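Proteins get letters first, then strands, A, B, ... in listed order; numbering begins at 1 in each. As the structure is a computational prediction, the values presented were derived from the model and not from experiment.
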There are 2 protein chains.
Amino acid sequence: MKHNSYNNFFVNFSNKTKFDIIHTLRDKSLSAGDIAKELDEEQSKISHNLQKLTKCHILDVEQQGKQRIYCLNKETIIPILELAEKHVKKYCVKRCDI
Amino acid sequence: MKHNSYNNFFVNFSNKTKFDIIHTLRDKSLSAGDIAKELDEEQSKISHNLQKLTKCHILDVEQQGKQRIYCLNKETIIPILELAEKHVKKYCVKRCDI
DNA sequence: CATTCATATGAAACACAATTCATATAATAA
DNA sequence: TTATTATATGAATTGTGTTTCATATGAATG
């Protein structure tokens with residue numbers, strides 16, 4: 001497998017903004033604007049991040065009027081999140097992030 | 001969950017060097033030096049990366065004489081790799097990485 | 001078809017992670 | 001107890017992803 005697409009996939013889990021977006025969409029679908037509101041972040045910041053998450057199909061989009069509704073690709077993403085959480089809880093309880 | 005340790009966990013999958021190390025250790029354990037040799041990379045580069053991978057227990061280490069043998073924490077890491085591969089193969093066949 | 005609302009986009013600025021290089025430490029053997 | 005091999009570490013540099021800001025596009029509505 002080419003490491004690019006692979007690495008790029010994981011990059012999408014490795015900063016706070018994307019983390020917040022993914023977790024916001026874990027139990028509901030939202031428009032770009034509503035995600036920005038809910039996270040109290042600037043519109044274009046959220047938009048840029050949504051583009052990347054969507055490009056590698058971590059998120060799916062659907063146009064609805066003038067809004068764009070984003071939802072999590074639950075099929076593969078939720079299982080990955082769960083495994084990662086399990087690992088982090090078990091091994092990274094205190095300060096693995098230094 | 002705190003996003004730090006979480007993000008930090010994923011950061012460790014998102015660059016080529018770490019990708020190469022992880023995949024080299026997928027089927028065998030190696031000393032730091034042998035990893036560097038096998039990947040034809042500079043010693044300290046590999047060492048720095050090994051530190052980070054070990055800190056969040058993606059790798060385990062064991063001292064053996066004056067060598068340090070690194071091995072992959074297969075329990076949680078292999079399943080995550082497999083899910084990621086599945087996703088990438090299915091959704092990122094062409095140029096998700098732009 | 002002009003206006004408004006929602007979202008996307010490009011480029012510059014910024015932040016942070018990765019690498020490099022020189023050096024230190026740690027374990028062993030002579 | 002010095003020399004040698006293996007690995008780690010710190011600081012400066014480099015590289016790359018992220019955010020910001022200004023602006024553009026796109027869909028709907030009067």
- prompt: How long is the line joining CG of N8(B) and P of dA17(C), in whole Å?
  reply: 8 Å

Y70(A) side-chain N/O to dA8(C) phosphate OP1/OP2 under 4.0 Å: yes

- prompt: Within the structure, does a side-chain N or O atom of Q63(B) lie under 4.0 Å from either OP1 or OP2 of dA27(C)?
  reply: no

For residues 26-38 of chain B, please give each side-chain donor-acceptor pair under 3.5 Å, one per line with the distance, not counting sequence neighbours.
unit_1, atom_1, unit_2, atom_2, d
R26(B), NH1, H23(B), ND1, 3.3
R26(B), NH1, E85(B), OE2, 2.7
R26(B), NH2, E85(B), OE2, 3.3
K28(B), NZ, T24(B), O, 3.4
K28(B), NZ, E38(B), OE2, 3.2
S31(B), OG, D34(B), N, 3.1
S31(B), OG, D34(B), OD2, 3.3

Ring center gap for F19(B) and F13(B) short of 6.0 angstrom: no

message: Measure CG/N4(B) against C1'/dC16(C) and give the value in whole Å, please.
response: 14 Å

Any pair counted as ring pair (Phe, Tyr, Trp, His ring centres under 6.0 Å), so long as it reaches residues 66-88 of chain B, sequence neighbours left out: F9(A)-H87(B), H87(B)-Y91(B)

task: Measure from CG on L53(B) to C1' on dA8(D) and round the result to the nearest Å.
output: 15 Å

- prompt: Can you tell me how far C1' of dA26(C) sits from CD of E62(B), to the nearest Å?
  reply: 17 Å

- request: Whole angstrom is fine here: how far is it from NZ in K66(A) over to P in dA27(D)?
  value: 12 Å

task: Take the C1' atoms of the five end pairs on each side of the helix from dC1(C)-dG30(D) to dA30(C)-dT1(D), get both axes, and report the angle to 10 degrees.
output: 20°

message: Can you tell me which nucleotide in dA8(D), dA8(C), dT4(C) comes closest to the side chain of L50(A)?
response: dA8(C)

- request: Report yes if at least one side-chain N or O of Q51(A) is closer than 4.0 Å to OP1 or OP2 of dA8(C); otherwise report no.
  value: yes

task: In whole angstrom, give the distance that lies between atom CD of Q64(A) and atom P of dT7(C).
output: 11 Å

field: Residues that E41(A) engages under salt bridge (charged side-chain N to carboxylate O under 4.0 Å, His left out), provided they are two or more places apart
entry: K45(A)

field: Which residues share a salt bridge (charged side-chain N to carboxylate O under 4.0 Å, His left out) with K74(B), sequence neighbours left out
entry: none

query: Are any of the side-chain heavy atoms of N15(B) and V11(A) separated by less than 4.5 Å?
result: no

- line: Going 5' to 3' through nucleotides 18-23 of chain C and flagging B where a protein heavy-atom sits under 4.0 Å of the base, S where only the sugar-phosphate is that close, and - otherwise, we get SSBBB-

message: With a cut-off of less than 4.0 Å, is there a side-chain N or O of R68(B) near OP1 or OP2 of dA6(D)?
response: no

query: For S5(B) and V88(A), which heavy atoms make the closest approach, and how far apart are they?
result: OG-CG1, 3.9 Å

- request: Output the distance between atom CG (D60(A)) and atom CD (E62(A)), rounded to the nearest 0.5 Å.
  value: 9.5 Å

- line: Whole-Å distance, I21(A) CD1 to dT18(D) P, equals 11 Å

query: Do the side-chain N and O atoms of N12(B) and K18(B) include a donor-acceptor pair separated by under 3.5 angstrom?
result: no

